[in-house]
There are 2 protein chains.
Amino acid sequence: MTCPTAPVLDLRDRLRRAGLRPTRQRVSLMGVLFAKGHRHLTAEALHEEASQRGVRVSLATIYNTLHQFTGAGILREVAVDSAKTYFDTNTHNHHHMFVEGEHRILDIPAEAVQLDESPDIPDGFELVRMEVVLRVRRKQ
Amino acid sequence: MTCPTAPVLDLRDRLRRAGLRPTRQRVSLMGVLFAKGHRHLTAEALHEEASQRGVRVSLATIYNTLHQFTGAGILREVAVDSAKTYFDTNTHNHHHMFVEGEHRILDIPAEAVQLDESPDIPDGFELVRMEVVLRVRRKQ
DNA sequence: ATTTGTGCAAATCGTTTGCATCTGA
DNA sequence: TCAGATGCAAACGATTTGCACAAAT
């Protein structure tokens with residue numbers, strides 16, 4: 001952790017470019033978040049995974065960090081499950097499949113869904129993003 | 001409340017057909033829910049509105065009832081806001097616009113959004129429904 | 001040195017639950 | 001009668017907050 005290998009420098013840079021100070025915790029959490037491709041994590045899940053990797057960060061800091069990262073465009077919040085908030089490491093345009101009863105989220109590539117031009121946005125509002133959620137359940 | 005006017009009978013019938021006993025509270029809440037066209041309510045909002053109309057129902061019963069109604073197909077749960085759960089009195093196929101920062105949900109008629117046939121559903125799963133959420137924010 | 005971030009524990013908020021009591025069929 | 005509903009208060013789980021301490025610029 002005191003040995004700045006190349007990937008760690010990347011993480012620090014990415015944080016700086018996002019306007020966030022590269023603190024030890026933020027760098028570590030970025031490392032955990034982006035260690036294995038894109039995924040959807042809850043605060044609790046990130047906390048556990050960080051602990052397992054020997055990264056000791058309080059849950060309060062996890063929540064702070066997740067929201068800071070979301071504000072900085074590093075993460076995206078996914079609201080499909082009223083029970084808890086998921087954060088998506090993929091901030092590119094894509095959609096989701098949600099497995100009801102299992103609290104599981106799967107990605108759908110943007111190209112898999114064709115929508116015509118978006119419906120009218122009321123005056124005074126601007127589109128942030130359009131997302132599609134396929135709710136599925138296990139058969140039988 | 002002891003005078004069974006026509007609309008009250010309708011409500012009672014609708015509850016019976018849904019397999020729910022038409023108790024005083026359920027009939028009253030249906031009355032409140034469907035008094036003014038379709039809308040999106042939280043448990044808290046329904047509780048307040050019921051109180052204002054002199055319908056005294058505990059919050060616990062509100063939650064029970066909302067879930068029973070959802071299970072019976074009288075209401076639909078809308079998960080767009082990770083902060084709280086909204087219930088939609090419109091159970092027909094349609095979509096939503098969510099105003100970020102204002103906790104406000106607007107309807108988009110199904111016809112306003114054209115999607116091609118849905119993406120592949122993984123084996124062992126079946127589609128419950130496909131919904132589109134347009135996230136918008138107030139300009140500036 | 002100053003500003004910003006972190007950790008902890010307590011507080012908050014939406015929601016659920018256990019249980020005694022009531023009510024509709 | 002009696003299964004099913006309700007109300008209350010307490011329990012719960014996810015998230016936020018206040019504040020003293022620590023770390024980054």
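Side chains included, hydrogens not; waters and symmetry mates left out as well; all remaining heavy atoms used.
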Would you indicate, yes or no, if dG14(C) has its OP1 or OP2 atom less than 4.0 angstrom from a side-chain nitrogen or oxygen of Thr42(B)?
-> no
Nearest-angstrom distance from the residue atom CD1 of Ile62(B) to P of dT6(D) = 10 Å
Using a 4.0 Å heavy-atom cut-off across all strands, classify His67(B) as base, sugar-phosphate, or nothing.
-> sugar-phosphate
Specify the separation, in whole Å, of atom CD of Gln68(A) and atom C1' of dT4(C).
-> 10 Å
Taking the six-membered ring for Trp and the single ring otherwise, decide whether the centroids of His67(B) and Phe87(B) are under 6.0 Å apart.
-> yes
How close or far is atom C1' of dA5(D) from atom CZ of Arg26(B), stated in whole angstroms?
-> 6 Å
Between Arg39(B) and Glu49(B), is the closest basic N to carboxylate O distance under 4.0 Å?
-> yes
Shared hydrophobic cluster for Phe98(A) and Val132(A) (ILVMFWY, side-chain gaps under 4.5 Å) | no
Rounded to whole angstroms, how far apart are CD on Gln25(A) and P on dC21(D)?
-> 18 Å
Please report, rounded to the nearest Å, how far the P atom of dG14(C) is from the CD atom of Glu77(B).
-> 16 Å
From the list dG7(C), dT15(D), dG7(D), which nucleotide is the closest neighbour of the side chain of Thr61(B)?
-> dG7(D)
Between Gly19(A) and Lys84(B), which is nearer to the 5' end of DNA chain C once each is assigned its nearest nucleotide?
-> Gly19(A)
Below 4.0 Å: OP1/OP2 of dA25(C) and any side-chain N or O of Arg16(B) | yes
note: Leu66(B), atom CG; dT15(C), atom C1'; distance rounded to Å ~ 11 Å
Side-chain contact check for Thr65(A): nearest option of dA14(D), dT6(C), dT25(D) is dT6(C)
OH of Tyr63(B) versus P of dT16(C): gap in Å, rounded?
-> 7 Å
Does Arg21(A) make a side-chain donor-acceptor contact with the base of dT25(D), cut-off 3.5 Å?
-> no
Examine distances only and state if a side-chain atom of Arg14(B) and a backbone atom of Met30(B) form a donor-acceptor pair shorter than 3.5 Å.
-> no
Can you tell me the distance, in whole Å, between the CZ atom of Arg12(B) and the P atom of dA5(D)?
-> 14 Å
Have a look at Thr85(B) and say if it touches a base, only the backbone sugar-phosphate, or nothing, with a 4.0 Å heavy-atom cut-off.
-> sugar-phosphate
Specify whether His40(A) and His94(A) have parallel, tilted or perpendicular ring planes, treating 30° as the upper limit for parallel and 60° as the lower limit for perpendicular.
-> tilted
Nearest-nucleotide wise, let me know which of Leu20(B) and Ala60(B) is further upstream toward the 5' end of DNA chain D.
-> Leu20(B)
DNA chain C: Leu59(B) or Val57(A), which has the more 5' nearest nucleotide?
-> Val57(A)
